[in-house]
Each structure stands twice: as structure tokens, then as C-alpha cells.
Amino acid sequence: MQVILRSDVEGLGKRGDIVDVADGHARNYLLPKGVALKATAGAIEQAARMRRSRDLKDQSDREAATTVASTLVPKVITISAKVHGDKLFGSVSAAEIADAVVAQTGVALDRRVIEIDEQIKTVGQHRVTAALHPDVSFPITVEVVPED
């Protein structure tokens, strides 16, 4: 059965896509949940409008993410933490990095877009990655300094 997705479905497609699914999956899950609608001639035109809308939104999101990236890449975000020698008591979290970015640059980042490869447990410069859009990910330089 052909259906038009009304929202993104992982493993199936994005909003506005026309996909072939099993009849039972469409009848028992997609249609009752309102996630999809049956593909008819009028609905296919509506799907084309949904795709255009999705593409415009995706383009504006990508441009906004690129602007944020160009602002944050040259900056060094400083975080002060309690230390013993050169090791931290605990580690620096993504939430702390997001708060420091807002405080020092005025750019609001969600903690969930910040990816920390290795836990930050030492004083010095570290690199973390921010992925604001599937096509835009960029490094953020974080410098951890001892608290006074």
C-alpha cells in the first residue's frame, strides 16, 4: 500500500515522502496514529507541498547552523573547575559547556547537540563537537582552568 508520511518515521522516511508499506502496517499503525495518510491523487499533490515546505525549512535550518558555526569555531570557551593537581574533581559535562557557550558568546546551544568523545577530566584545551544539523557539525574548543 502506498502512503504519504505526515511526519518523520525512522527507518521509513521523512515528512511528505510517498512510501510503499505492508497493508497491515499501514492499517494497524501508520493510519490510526495519524503518522501517514493513504496516497490518493489529491494527497500526492499535498505531499509535494509538504516536501517543498520541508526543503525550505531544512535550508533555513542549515543556514542558521552555519552562522552559529562560523561564530563559535574561532572562539575558545573557558570553564573553571575544582582541581587537584591537574585533574578535575569529576568531569566537565555537555550541560556545563552549553551554559558556558551562552554566557561567553550569547549563542544558545542545547546540551544534546554537544558530543564529547572522551570525558574531560584534566586542565587544558579540549575539543568537542557540536552537531546542529545533519549537514553541519563543527568543533568547539574548550579550555578548562582551575577555580580560584
Side-chain angles (χ1 to χ4, degrees), residues 1-82 88-145:
M1 174 184 290
Q2 279 195 331
V3 296
I4 300 169
L5 299 177
R6 295 178 67 190
S7 60
D8 294 353
V9 178
E10 191 171 328
L12 197 55
K14 292 188 175 194
R15 182 175 191 260
D17 288 347
I18 300 171
V19 294
D20 285 320
V21 296
D23 291 348
H25 185 56
R27 275 193 315 268
N28 297 325
Y29 180 74
L30 296 174
L31 298 175
K33 296 272 187 195
V35 176
L37 50 104
K38 202 170 191 178
T40 62
I44 290 173
E45 292 174 19
Q46 183 181 2
R49 287 193 299 273
M50 278 195 258
R51 281 193 299 276
R52 278 194 299 275
S53 168
R54 178 188 73 199
D55 292 342
L56 289 173
K57 184 179 182 312
D58 187 51
Q59 180 182 2
S60 67
D61 289 349
R62 185 180 310 115
E63 289 171 358
T66 305
T67 303
V68 169
S70 65
T71 303
L72 291 180
V73 167
K75 305 268 185 190
V76 176
I77 306 301
T78 306
I79 297 176
S80 61
K82 291 184 181 182
L88 303 181
F89 288 112
S91 64
V92 176
S93 68
E96 290 174 309
I97 294 170
D99 292 342
V101 167
V102 171
Q104 295 173 27
T105 64
V107 175
L109 287 181
D110 188 5
R111 65 174 174 76
R112 293 175 289 213
V113 301
I114 298 173
E115 301 166 2
I116 302 174
D117 294 332
E118 291 182 18
Q119 287 187 340
I120 300 174
K121 293 187 169 201
T122 58
V123 174
Q125 281 198 350
H126 304 275
R127 288 207 174 238
V128 297
T129 305
L132 294 179
H133 186 273
D135 297 337
V136 180
S137 64
F138 56 93
I140 298 175
T141 305
V142 176
E143 183 170 6
V144 180
V145 296

Nearest heavy-atom neighbours spanning I77 and V101: CG1-CG2, 3.9 Å
Inter-residue atom distance T105.OG1 - K75.NZ, 0.5 Å rounding: 7.0 Å
Validation row: D58, H133 side chains within 4.5 angstrom (heavy atoms): yes
Heavy-atom check, side chain of V35 versus side chain of R6, under 4.5 Å: no
Least distance between heavy atoms, L12 atom then V19 atom: O-CG1, 3.7 Å
Sub-4.5 Å side-chain heavy-atom contact between S80 and V145: yes
From CD (E118) to NE2 (H126), nearest 0.5 Å: 9.5 Å
Distance in Å, T129 OG1 paired with E115 CD, rounded so as to fall on 0.5 Å steps: 6.0 Å
Minimum-distance pair of heavy atoms, taken over all atoms of A81 and V144: CB-CG1, 4.3 Å
L132 and F138, any side-chain heavy atoms less than 4.5 Å apart: yes
Flag, side chain of T66 to backbone of R62, donor-acceptor distance under 3.5 Å: yes
Any side-chain heavy-atom pair of T141 and R127 under 4.5 Å: yes
V73 versus P139, closest heavy-atom pair with distance: CG2-O, 3.9 Å
Enclosure of Q125 CD (heavy-atom neighbours >12, cutoff 6.0 Å): yes
CD/Q104: more than 12 non-hydrogen atoms of other groups inside 6.0 Å: yes
4.5 Å side-chain heavy-atom contact, I120 and I79: no
Basic-acidic side-chain contact under 4.0 Å: D17, R54: yes
Over all atoms of both residues, closest heavy-atom pair of K38 and L31: N-CD2, 3.8 Å
Side-chain heavy-atom pair I140, L109 within 4.5 angstrom cut-off: yes
Value rounded to 0.5 Å, distance of OG in S7 from NZ in K14: 12.5 Å
4.5 Å side-chain heavy-atom contact, M50 and I4: yes
Inter-residue atom distance L5.CG - R51.CZ, 0.5 Å rounding: 10.5 Å
Closest contact, heavy atoms only, P32 versus A26: CD-O, 3.7 Å
Distance in Å, R111 CZ paired with I114 CD1, rounded so as to fall on 0.5 Å steps: 10.0 Å
Salt bridge flag under 4.0 Å for residues K57 and D61: yes
